[in-house]
Amino acid sequence: MSSGGTSPSTASVVRKRVVTLALGVGFLGGLGIPAAGADVAAAAPGPQTVVQEQAPSLPSGRTTYRTITEYNDEMLALSARHPGLVKHITLPHKTRQGREVYGIEVTHDVGAADGKPVLLMMGVHHGNEWPSGEHTMEFAYDLIGNDGKDPRITRLLDTARVIFVPVVNVDGFVINRRTSCGVSPTCASNAGVDINRNYPFGWGSNAGSNATTRGPGPGSEPEVQNIMDLTKNNQVTVLITNHTSGHTVLRPPLEKRAGDAPDEAVYAALTDAITAENGYTGMKSGFDYETTGETPDWSYYATRGLGFTFEIMKTQSTNNTYSEVIEDYTGTGRYEGKSNREAFMVALEYAADPAAHSVITGKAPKGAVLKVTKDFDLWTAPIRQAGDVLDPPQRVPTHLESTLVAPTNGKFAWHVNPSVRPAPAYTETGVVATGPGNFIKESWTLTCARPTGEVLETVHVTVDRGEKVDVRLQECKTRFNGNGPKN
């Protein structure tokens, strides 16, 4: 069954009504845009035309699983071939064994700090889940290769930025095991950490883990810190972490006792729109099986961007499953007509839609550096120790910060996640389910500064989902141009 009790066979019937109510008109309009190749399909062959069927292929043309060297080399090559479209990034924290973790950003004018909303997609949190990295990398190839050819993709790369990290758990991938190397530099088998149980929010209950695999502390692992930094420093309006297997799309809560997310109606509607395209079953993660410290719950409660786990393919990865990687991405063979590629496109449409997040507009001096920040506490679960002893929840200070540089004409439209934060179930006193519609009314702190870092003006902006707020930065304009006092 899919999210909200709707079966995959009926999801498409109700999708338009549900999405209109919960996601906004802009996103719905985007769903009707033809996919890549639609103009070719429209020119159907005549009766005398001989059609030669071709085997389905991935955007990169690959037919075998990548090694870590191949992932890294391909990302470098893509950035070198498409310098205005693709930027190579090195994440700030090396793995326990000292390996770098790489990714790429894809958008038009990729080097600009331009205020676009972000889709963050990643694979291989679990080192032995090979297809999760393949689908992540192939969607990057898809966007890059179809830019300027497919109007839908070209439009989306005008309006959104996509960050890809195909292999999050590099150490685990290299040795082909689920866990990372943990605190042991020798990567001992008894010291591995399941990094998808190490995110701070809800960490420590030991649901789906234990005191070893959860890690020594909330967010202790460098691989987790990398993804947290990317999420906190970019306006990630949708996050997708790819895993295997089971053909499910999972959303919060990670534990049943945490209750539904405050944005459950929006979450359920977007889940249904996604699963209508890939044929997966959409559900709340805790109703699949309960866990602790997962990526989507932390990212949602930290930013209010919607986070999902895609459990791709029905077969766990082995060397002979690459044909299924291809079929599941392209919607061919055993997955005829149900494409994970199209599900990713739905998520990107939503990530880009202003009606689905918030927008701050205004005018600032050319070259001024604008920054939005927010500080608050999240909490772990009550921490289960040996002998079923429960320690109190641990406070997790959380700082969000992203920047934009005012363009030549000074006018900016900054696509941000709402400042109004979802009320979390994990609290200082324990787990207290809040449920749909419960939010904390907070503000972004917006500063306008010189490139040297001198702050000229500070304003506070309260903005909710689907809202646009215009800010007047008159003091910044006056002082930036030398007409006012300089402190």
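In this text the structure is predicted, and so the values were computed from the model without any measurement.
Counting only residues at least two apart or in different chains, salt bridge (charged side-chain N to carboxylate O under 4.0 Å, His left out) contacts with residues 398-415 comprise K371-E401. The salt bridge (charged side-chain N to carboxylate O under 4.0 Å, His left out) analysis of residues 120-134, with sequence neighbours excluded, yields the pairs R66-E134, E129-R178.
With sequence neighbours excluded, the residues that form a ring pair (Phe, Tyr, Trp, His ring centres under 6.0 Å) with H88 are Y102. Residues passing the salt bridge (Lys or Arg N to Asp or Glu O under 4.0 Å) test with D229: none are found, sequence neighbours excluded. Remark: F376 engages no residue in a ring pair (Phe, Tyr, Trp, His ring centres under 6.0 Å) (not counting sequence neighbours). With sequence neighbours left out, R421 forms a salt bridge (Lys or Arg N to Asp or Glu O under 4.0 Å) with E442.
D263 has a carboxylate O that lies under 4.0 Å from a charged side-chain N of R465, or vice versa, which qualifies the two as a salt bridge. Taking a cutoff of 4.0 Å between a charged side-chain nitrogen and a carboxylate oxygen, R161 and D109 do not qualify as a salt bridge. Ion pairing between a basic and an acidic side chain is recognised when a charged N comes within 4.0 Å of a carboxylate O; R62 and E74 show such pairing. Comment: D150 does not engage R152 in a salt bridge, judged by the lack of any side-chain N to carboxylate O separation of less than 4.0 angstrom. By the 4.0 Å N-to-carboxylate-O rule, E327 lies too far from R341 to be salt-bridged with it.
Rounded to the nearest 0.5 Å, atoms CG (D464) and CG (N417) are 11.5 Å apart. Between the CG atom in L85 and the CD1 atom in I104 there is a gap of 9.0 Å [rounded to 0.5 Å].
Listed for the S285 side chain is no donor-acceptor partner under 3.5 Å among the backbone atoms of L254. Between the side chain of D353 and the main chain of E349, no donor-acceptor pair closer than 3.5 Å is present. Using a distance-only test at 3.5 Å, with no hydrogens or angles considered, a donor-acceptor pair links the side chain of E70 to the main chain of T67. N128 places no side-chain N or O within 3.5 Å of a backbone atom of N176 that could act as its donor or acceptor partner. When atom types are taken as modelled, the side chain of N234 and the backbone of L230 share a donor-acceptor pair closer than 3.5 angstrom. With K374 contributing its side chain and S419 its backbone, the two residues share a donor-acceptor pair below 3.5 Å. Between the side chain of R96 and the backbone N or O of C181, no donor-acceptor pair lies under 3.5 Å. Judged by distance alone, the side chain of N198 and the main-chain N or O of G217 form a donor-acceptor pair under 3.5 Å. Y141 contributes no side-chain N or O that, together with a main-chain N or O of G61, makes up a donor-acceptor pair within less than 3.5 Å.
Geometrically, R251 does not engage Y300 in a cation-pi contact, judged by NZ or CZ lying under 6.0 Å from the ring centre and within 45° of the ring axis.
A 4.5 Å side-chain heavy-atom check between L119 and I240 finds at least one atom pair inside the cut-off. Between F308 and P296 the shortest side-chain heavy-atom distance does not fall below 4.5 Å. Contact of the I144 side chain with the V86 side chain is registered, since non-hydrogen atoms from C-beta on lie closer than 4.5 Å. T107 has its side chain within reach of V110: a pair of non-hydrogen atoms, C-beta onward, lies under 4.5 Å apart. With contacts defined as side-chain heavy-atom distances shorter than 4.5 Å, the pair V124/V165 does not qualify.
Counting all heavy atoms, side chain and backbone alike, A160 lies closest to A352 at CB-CB, 3.8 Å. Summarising the geometry of I195 relative to V168, their closest heavy-atom pair is CD1-CG1, 3.9 Å, with the distance given to 0.1 Å. Scanning all heavy atoms of the two residues, the minimum distance from P451 to F480 falls at CD-CE1, 4.0 Å.
Side-chain contact, N242 with H135: no donor N or O sits under 3.5 Å from an acceptor N or O.
Remark: aromatic rings of F344 and F310 are close, center separation under 6.0 Å.
Taking a 6.0 Å sphere around NZ of K232, one finds it holds more than 12 heavy atoms contributed by other residues, nucleotides or ligands.
The aromatic rings of H125 and H243 sit parallel to each other, their planes meeting at less than 30°, with 60° as the upper class boundary.
For the pairing with V249, the side-chain contact (heavy atoms from CB on, under 4.5 Å) check across D272, T309, N278 returns one residue only, N278.
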(Q) Determine whether H126 and F173 satisfy the following criterion, ring pair (Phe, Tyr, Trp, His ring centres under 6.0 Å), listing intermediate values before the conclusion. (A) CA-CA 8 Å; H126 294 143; F173 180 67; over 10 Å; no
